[in-house]
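Beneath this line is the structure, given in structure tokens, with notes to follow.
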4 protein chains.
Amino acid sequence: MAGGAKARRLPRVVRERQMVDAAVRCFARHGYQAASMDEIAELAGVSKPLVYLYLGSKEELFTACIRREAAALLGAVAAEVGEAEVPPDERLWAGLLAFFTYAAEHPDAWVVLSRQARTHGEPFAGEVARMRDEIVGFVAGLIGEAAGMVIAGRDVEALAQALVGSAESLASWANETPGVTAKEAAATLMNFAWAGLGNLMKSERWSPR
Amino acid sequence: MAGGAKARRLPRVVRERQMVDAAVRCFARHGYQAASMDEIAELAGVSKPLVYLYLGSKEELFTACIRREAAALLGAVAAEVGEAEVPPDERLWAGLLAFFTYAAEHPDAWVVLSRQARTHGEPFAGEVARMRDEIVGFVAGLIGEAAGMVIAGRDVEALAQALVGSAESLASWANETPGVTAKEAAATLMNFAWAGLGNLMKSERWSPR
Amino acid sequence: MAGGAKARRLPRVVRERQMVDAAVRCFARHGYQAASMDEIAELAGVSKPLVYLYLGSKEELFTACIRREAAALLGAVAAEVGEAEVPPDERLWAGLLAFFTYAAEHPDAWVVLSRQARTHGEPFAGEVARMRDEIVGFVAGLIGEAAGMVIAGRDVEALAQALVGSAESLASWANETPGVTAKEAAATLMNFAWAGLGNLMKSERWSPR
Amino acid sequence: MAGGAKARRLPRVVRERQMVDAAVRCFARHGYQAASMDEIAELAGVSKPLVYLYLGSKEELFTACIRREAAALLGAVAAEVGEAEVPPDERLWAGLLAFFTYAAEHPDAWVVLSRQARTHGEPFAGEVARMRDEIVGFVAGLIGEAAGMVIAGRDVEALAQALVGSAESLASWANETPGVTAKEAAATLMNFAWAGLGNLMKSERWSPR
DNA sequence: AATGAATGAGCCTTCATTCAT
DNA sequence: GATGAATGAAGGCTCATTCAT
């Protein structure tokens with residue numbers, strides 16, 4: 001006799017997860033501005049006011065997406081990277097593998113983090129920048145650890161930026177290119193980065209003539 | 001006698017340049033969607049209908065920005081890269097230097113090309129993808145030239161993607177970080193890339209244990 | 001206690017009727033293009049977005065007006081025209097009377113149907129053409145019934161076109177001319193059409209019984 | 001060195017005719033509002049400011065179209081209608097034939113007069129109403145002449161309205177229906193109006209001598 | 001005689017957001 | 001817990017019209 005076919009009463013946590021899931025998808029596909037709250041609500045299977053009741057506003061919703069996915073990515077990487085006793089190249093390899101795997105398994109989240117969040121100004125850029133800084137810092141730590149005193153501090157950060165940038169670029173390329181696995185992408189980057197860094201450590205630098 | 005309130009009655013070509021200049025700036029600062037035609041027109045010092053008369057629509061205007069800046073960047077790089085007789089590392093160095101210089105001197109254009117154009121779907125993504133593919137192809141050519149038969153074709157493209165990605169990342173980082181010159185950024189990347197590639201050429205690969 | 005400032009929170013069906021009412025009036029008075037959605041919304045006592053939410057677009061709104069009024073007019077005529085056993089002149093008389101009565105009681109709707117809808121191209125013209133064709137067909141049927149085999153098929157349609165055209169013309173004229181009732185207009189047309197001017201000269205008038 | 005391929009200096013009268021020709025066509029095809037001054041100028045082969053210089057404004061231009069075509073139609077009819085000594089049925093026949101012929105040979109003008117001008121309010125409706133009143137008056141004169149004292153004055157005008165209305169309707173129908181000539185349409189109307197449906201049933205048709 | 005350059009004003013449409021139930 | 005009803009604000013685009021040459 002009762003209830004329509006519509007959404008049933010679910011605990012708040014579940015509903016929120018549905019909404020953020022839907023939002024990540026919409027934001028990834030259409031971008032922050034083009035994604036409409038109507039579409040997100042519909043995709044989540046709830047009415048618009050409920051989205052506002054739980055998530056506050058479009059800005060807060062986007063922020064929630066970024067935070068959740070950034071934490072998940074960081075967590076996935078951190079879980080794989082070993083303890084400090086493990087040699088730096090192995091730790092880098094583990095981190096890269098975890099990173100590429102996450103990007104491959106959550107393409108929408110990766111688009112949100114790598115593109116949408118960084119393209120739409122504050123407060124979103126800052127939100128994702130925090131996560132990226134953590135990764136850059138971690139990579140810089142590994143580089144410093146491997147290079148000892150050979151490389152200047154300023155250079156260490158620049159190298160970390162380059163490495164992280166190439167990882168981002170490869171991840172997007174791998175997601176868009178059929179037949180490229182996360183492991184292959186990680187291996188390519190590891191060769192690119194470590195063989196190069198390996199030379200740097202021996203002070204065999206390339207220099208313009 | 002001092003500057004007129006409104007420079008009026010200029011030839012079409014001049015006005016169009018002013019408009020695209022203003023548009024690049026607005027699109028870089030606010031993004032494609034958030035930038036309003038009102039603001040662009042005001043910044044260009046003309047009325048909105050004139051923008052539509054000359055540039056057609058917001059979409060066409062954005063495309064015009066992308067095309068103009070992509071051509072300028074490509075042209076700047078191509079002008080510095082030497083002939084085929086020059087050794088590949090020198091050509092890469094020349095190209096990187098030209099690239100970082102352009103990005104540093106036209107920060108708004110760089111934001112439009114590297115971020116905004118790639119974040120707002122078709123037809124913009126395709127437009128800038130064409131330019132990027134040319135650069136990736138050029139870099140892949142250099143890598144192939146330097147590596148001979150040592151590296152497989154598939155790997156060559158992946159390496160080129162990684163190198164271009166790290167260049168993009170470094171360029172944005174250099175633009176945002178005070179005190180980093182284009183030459184420094186290019187040198188860092190050259191070390192990162194060439195010393196690494198140098199090892200690859202000797203088949204001294206890193207591999208997971 | 002007196003009328004509320006804004007009758008709020010009405011069920012959708014009621015609001016839609018109010019909006020179409022307002023639209024018919026605006027379209028009749030200013031024409032399709034000159035009528036503004038702002039004015040229609042204001043006259044309906046709602047905000048513009050609600051009009052779009054319920055009716056879709058200006059084009060759809062105009063189409064809704066045409067459909068509603070065409071159906072109402074057709075329905076009013078069909079309800080008065082008797083069964084097939086009734087002689088054709090009496091059925092024509094009943095139909096004409098219903099037609100002129102509707103036009104007189106709904107002058108705005110009549111303007112929309114007879115003028116605006118037919119003047120602003122597709123898809124509006126086609127929409128009202130369907131209704132008119134039904135009426136022309138009905139009249140042609142009566143003429144054929146009355147004339148037997150005496151009149152050729154092609155002529156029957158031409159005569160029906162002429163009769164319907166004169167009815168339209170008279171309806172508009174009656175609406176604009178003070179003191180002309182629907183019944184008088186219908187009687188004039190019945191004389192004109194049925195008895196014929198040739199008979200009128202001999203004072204052989206047709207008259208409703 | 002010399003003049004571009006553009007419009008050559010022509011005397012004002014010629015240019016004005018070109019412009020009004022173009023305007024009649026545009027107004028007929030798109031309606032008063034939808035027709036743009038840009039399109040009219042382009043179709044006339046001149047620049048927009050010249051249209052304004054010669055014709056004043058869109059409203060004046062539309063009025064000029066209406067006036068010119070109304071005068072032409074009236075003139076064509078008046079030229080064919082004989083003198084007062086000719087019997088009324090023959091004069092009506094001559095007038096109808098001239099009218100249908102003009103409508104068939106100038107379909108755009110006919111659309112402007114019969115539809116566009118009457119649909120877009122003052123001052124256009126009044127402009128064309130004057131012409132129509134002249135025709136109605138002429139027809140009413142013929143009816144009165146034929147009917148003598150038998151028909152009351154009020155009825156005479158109503159009958160004239162009906163006759164003119166059916167003529168308008170038939171003219172549009174004939175223009176839209178392939179294979180219907182002006183002469184056939186005039187004959188049908190003459191039968192309808194003069195002999196009357198009652199007589200048609202007895203096969204007592206009126207026919208041109 | 002004729003035109004390229006330029007604009008004020010307005011319209012359709014959409015969206016994030018809230019209120020009352 | 002959940003929603004149908006409703007809107008303020010803003011943005012893209014077009015058009016009739018004029019100025020300076």
Side-chain angles (χ1 to χ4, degrees), chain A residues 3-4 6-12 14-15 33-41 45-54 56-61, chain B residues 6-12 14-15 33-41 45-59 61, chain C residues 6-12 14-15 33-41 45-59 61, chain D residues 3-4 6-12 14-15 33-41 45-54 56-61:
Chain A
K6 280 308 190 62
R8 303 257 242 68
R9 315 254 158 157
L10 292 183
R12 172 158 185 161
V14 180
R15 276 269 186 263
Q33 314 251 10
S36 81
M37 295 297 274
D38 277 279
E39 192 192 354
I40 293 172
V46 297
S47 71
K48 238 188 322 179
L50 200 59
V51 180
Y52 280 89
L53 186 62
Y54 283 1
S57 73
K58 194 184 190 183
E59 197 172 308
E60 289 174 83
L61 174 55
Chain B
K6 290 186 182 182
R8 291 218 187 198
R9 225 104 323 219
L10 297 184
R12 174 165 180 156
V14 179
R15 276 276 187 254
Q33 316 248 12
S36 86
M37 294 298 273
D38 277 280
E39 190 191 355
I40 292 173
V46 297
S47 70
K48 219 179 355 170
L50 202 59
V51 180
Y52 280 91
L53 187 62
Y54 285 176
L55 275 314
S57 71
K58 195 182 190 183
E59 193 172 314
L61 175 55
Chain C
K6 290 186 180 181
R8 290 217 187 197
R9 226 110 315 223
L10 296 185
R12 172 163 183 158
V14 179
R15 277 277 187 253
Q33 316 247 12
S36 86
M37 295 297 274
D38 276 279
E39 191 192 356
I40 292 172
V46 296
S47 70
K48 225 180 347 172
L50 202 60
V51 180
Y52 280 89
L53 186 63
Y54 285 176
L55 276 314
S57 71
K58 196 182 190 183
E59 193 172 314
L61 175 55
Chain D
K6 281 305 190 64
R8 304 257 243 66
R9 316 253 158 156
L10 292 183
R12 170 157 185 160
V14 180
R15 277 269 184 262
Q33 314 251 12
S36 82
M37 296 298 273
D38 276 279
E39 192 192 354
I40 293 172
V46 297
S47 72
K48 238 187 325 179
L50 200 61
V51 179
Y52 279 88
L53 186 62
Y54 283 0
S57 73
K58 194 183 190 184
E59 196 172 309
E60 288 174 85
L61 174 55

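In what follows, chains are A, B, ... by sequence order, proteins preceding strands, each numbered from 1. Every value quoted in this text rests on a predicted model; they were computed, and no experiment measured them.
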Rounded to the nearest angstrom, tell me the gap between atom [atom1] in [X] and atom [atom2] in [N].
X	N	atom1	atom2	value
Leu10(C)	dT7(F)	CG	P	10 Å
Leu50(B)	dC15(F)	CG	C1'	14 Å
Met37(A)	dT18(E)	CE	P	10 Å
Ile40(C)	dC11(E)	CD1	C1'	12 Å
Gln33(A)	dG12(F)	CD	P	11 Å
Glu39(B)	dA10(F)	CD	C1'	13 Å
Lys58(C)	dT14(E)	NZ	P	14 Å
Asp38(B)	dT7(E)	CG	P	13 Å

For [N], give the paired nucleotide (Watson-Crick: N1-N3 plus N6-O4 or O6-N4; G-U: N1-O2 and O6-N3; both under 3.5 Å), or none.
N	value
dA1(E)	none
dT21(E)	dA2(F)
dT14(F)	dA9(E)

Classify the side chain of Lys48(D) versus the base of dT3(E) as yes if they form a donor-acceptor pair under 3.5 Å and no if they do not.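 There is none.
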Heavy-atom pair with the smallest gap, counting every atom of [X] and [Y]:
X	Y	value
Leu53(B)	Arg12(B)	O-NH2, 4.2 Å
Ser47(A)	Ala41(A)	C-CB, 4.1 Å
Arg15(B)	Arg9(B)	NH2-N, 4.1 Å

Closest-nucleotide mapping onto DNA chain E: is Leu53(B) or Glu59(C) further toward the 5' terminus? I mean the 5' end.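 Nearer the 5' end of the strand: Leu53(B).
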Describe the nucleic acid contact of [X] in one word from base, sugar-phosphate, nothing, applying a heavy-atom distance below 4.0 Å.
X	answer
Ala41(A)	nothing
Ala34(A)	nothing
Arg12(C)	sugar-phosphate

Quick one: [atom1] on [X] to [atom2] on [Y], what's the gap to the nearest 0.5 Å?
X	Y	atom1	atom2	value
Glu60(A)	Tyr54(A)	CD	OH	15.5 Å
Tyr52(B)	Lys58(B)	OH	NZ	7.5 Å
Ile40(A)	Lys48(A)	CD1	NZ	11.0 Å

Closest to side chain of [X], choosing from [options]:
X	options	answer
Tyr54(B)	dT7(E), dA5(E), dG12(F)	dA5(E)
Ser57(C)	dG11(F), dT17(E), dT13(E)	dT13(E)
Pro49(D)	dA16(F), dT3(E), dA6(E)	dT3(E)
Ser47(A)	dA16(F), dT3(F), dA5(E)	dT3(F)

Under 4.0 Å from OP1 or OP2 of dT14(F): is there any side-chain N or O of Tyr52(B) that close?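 No, Tyr52(B) has no side-chain N/O under 4.0 Å of OP1/OP2 on dT14(F).
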Check the phosphate of dC19(E) against Arg9(C), side-chain N and O only, distance under 4.0 Å to OP1 or OP2. Yes or no?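 Checking dC19(E) against Arg9(C), no side-chain N or O comes under 4.0 Å of OP1 or OP2.
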